[in-house]
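Let me begin by presenting the structure, written as structure tokens, before commenting on it.
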Amino acid sequence: MPKKMVKKNTKEKNKIDEVVKSNKNRSSKFQLVRGTKDILPSRQKYFLWLYDEVKRIASSYSFDKIETPILEHTNLFVRGVGKQTDIVEKEMFSFVDQGGDNLTLRPEGTAAVARAYIEHGMLSWPQPVKLWYWGKMLRHERPQAGRLREFHQYGFEILGSSDAMVDAQIIFITYKILSGLGLNVIIAINSIGTVECRHQYKKVLVDYFRTKRSVLSDVAKKQLTKNPLRILDSKDPGLQSVIEQAPQIFDYLSQESKDHFMKVLDYLDELDVPIIMKPNLVRGLDYYNYTVFEVWNNEEESSKAAALGGGGRYDGLVELLGGRPTPAAGVALGIERIVAKLKQAEIAPPTEDSPDIFVAQLGEEAKRKSLLLFEELRLAGVKVSESLSKEGLKSQLEIANKLKVKYAIILGQKEILDGTVMLRDMENGIQEIVDIKKITNEVKKRLDKRLKIKK
Ligand code: AMP
């Protein structure tokens, strides 16, 4: 092992020793790390429902799924997201690993997708390449309502086309998924033009904010020299009227930028996507150009509630990361925020169909047989349930009742010896003895008959 590594490993070990020592006298009651959450079954239902909807729409619009690692080289985000962004300046979970590599737990998805596009030579695939992702993101933010340190995002990226239709399609599917779930959303949209347009605009903006220096906060003053566009992003109530009166980027857009924006707006109009123009919307990340947008809950839009998602065009990113110039556009959506909005709007995931059959058992031998019968029924396409950990028949039938099954199949010691089962109609309590070899067919026949009568 190289000397440097030995030294490093010893250092790591010392750190762990410290943790062990400090824990010795404490009771070992562990809690979640601040800003993280367990997703318990009741909330998981919403996550799964959203996942299914995203997957369904993604595949009908020909997006392929991509998964990138949770670990990336820190430089990917420093370069791809931008040194002067909040994410890179303050929020990354970065560390040096045992081998001396500078790594970061990914704070967002787009830079990694662009890295993968370059690394796997996707430029030689038929263009544009349409990808979607779903996964955990980590940012060391101050935890508060709607802001976690570990959260989930899904996103869509289209790489390899500068067509305004691409921007519109990204926005359209974003809208389609959320409105399809029953949410009332609106797209706040703006264009920030090209790097050159922004260069000129920044100068005008700095001149303007200099005249308002007395009302600027310390943070804003710092941003004025580093990245004045970010002042426009500020949620500071004391700054809002100054921001509202600031020069608007639209007046500094090149003709090309304006034409692109007009086309995007035209397509969105055609697709009936509700939009609101936001001249001050610039987004926090450096890699955007032309279209930028955020997704808002319509009712709360005016109160500047936290956005559900955001995205835009990022024509410079692939080149910035060392690839060939590749125009691209994308969006990322916050899954926890969407789930919170669904709950708030009392929109619940569709309930799963309740089972038709319950398998109850009495005694060790019957339990073993019921496992096989359960599997036989399941493979035959019957919706079946059980409670194998319960012993008494009464408690099992109570569960069957709660599940509102149509029939319970009871296997007892006697039935096992006879090679039969008891079939109980849960509505009228009538019980019949049926040959165990015929029970699956019998149950299917009865369920089909009930279905026909219902129709
Ligand atoms: P961003 O890339 O920062 O615009 O994030 C896109 C979306 O991800 C946001 O609109 C939020 O819905 C969600 N998001 C971002 N940061 C967090 C966070 N710390 N906790 C929960 N959701 C977040």
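As the structure lists them, so they are numbered: ligands from 1, and atoms in each ligand from 1.
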Self-check item: Heteroatom proximity flag, Arg147 to ligand 1, N/O under 3.5 Å
Solution: no
Practice problem: Say whether Leu148, considering both its backbone and side-chain N or O atoms, lies within less than 3.5 Å of an N or O atom on ligand 1. | Solution: yes
Self-check item: N or O contact, Leu308 vs ligand 1, cut-off under 3.5 Å
Solution: yes
Quiz item: If hydrogens are left out, which of Arg337, Arg139, Lys341 has an atom nearest to atom 9 (C) of ligand 1, that is, the closest non-hydrogen atom?
Solution: Arg337
Self-check item: contact_flag Gly146 ligand 1 heavy-atom lt 4.0 Å
Solution: yes
Quiz item: Between Glu72 and Arg115, is there a side-chain N and carboxylate O pair less than 4.0 Å apart?
Solution: yes
Quiz item: Hey, looking at atom 7 (C) of ligand 1, which of Glu336, Gln153, Arg149 has the closest heavy atom?
Solution: Gln153
Quiz prompt | Gly310-ligand 1 polar pair, N/O distance under 3.5 Å | solution = no
Self-check item: Proximity winner for atom 19 (N) of ligand 1, if only heavy atoms of Glu150, Glu91, Glu141, Arg142 are counted
Solution: Glu141
Quiz item: Got a salt bridge between Lys226 and Glu89, using NZ or NE/NH1/NH2 to carboxylate O under 4.0 Å?
Solution: yes
Self-check item: Non-hydrogen side-chain atoms of Phe358 and Met426 separated by less than 4.5 Å
Solution: no
Practice problem: Measure from NZ or CZ of Lys258 to the centre of the six-membered ring of Phe250, then state whether that distance is under 6.0 Å and the direction lies within 45° of the axis. | Solution: yes
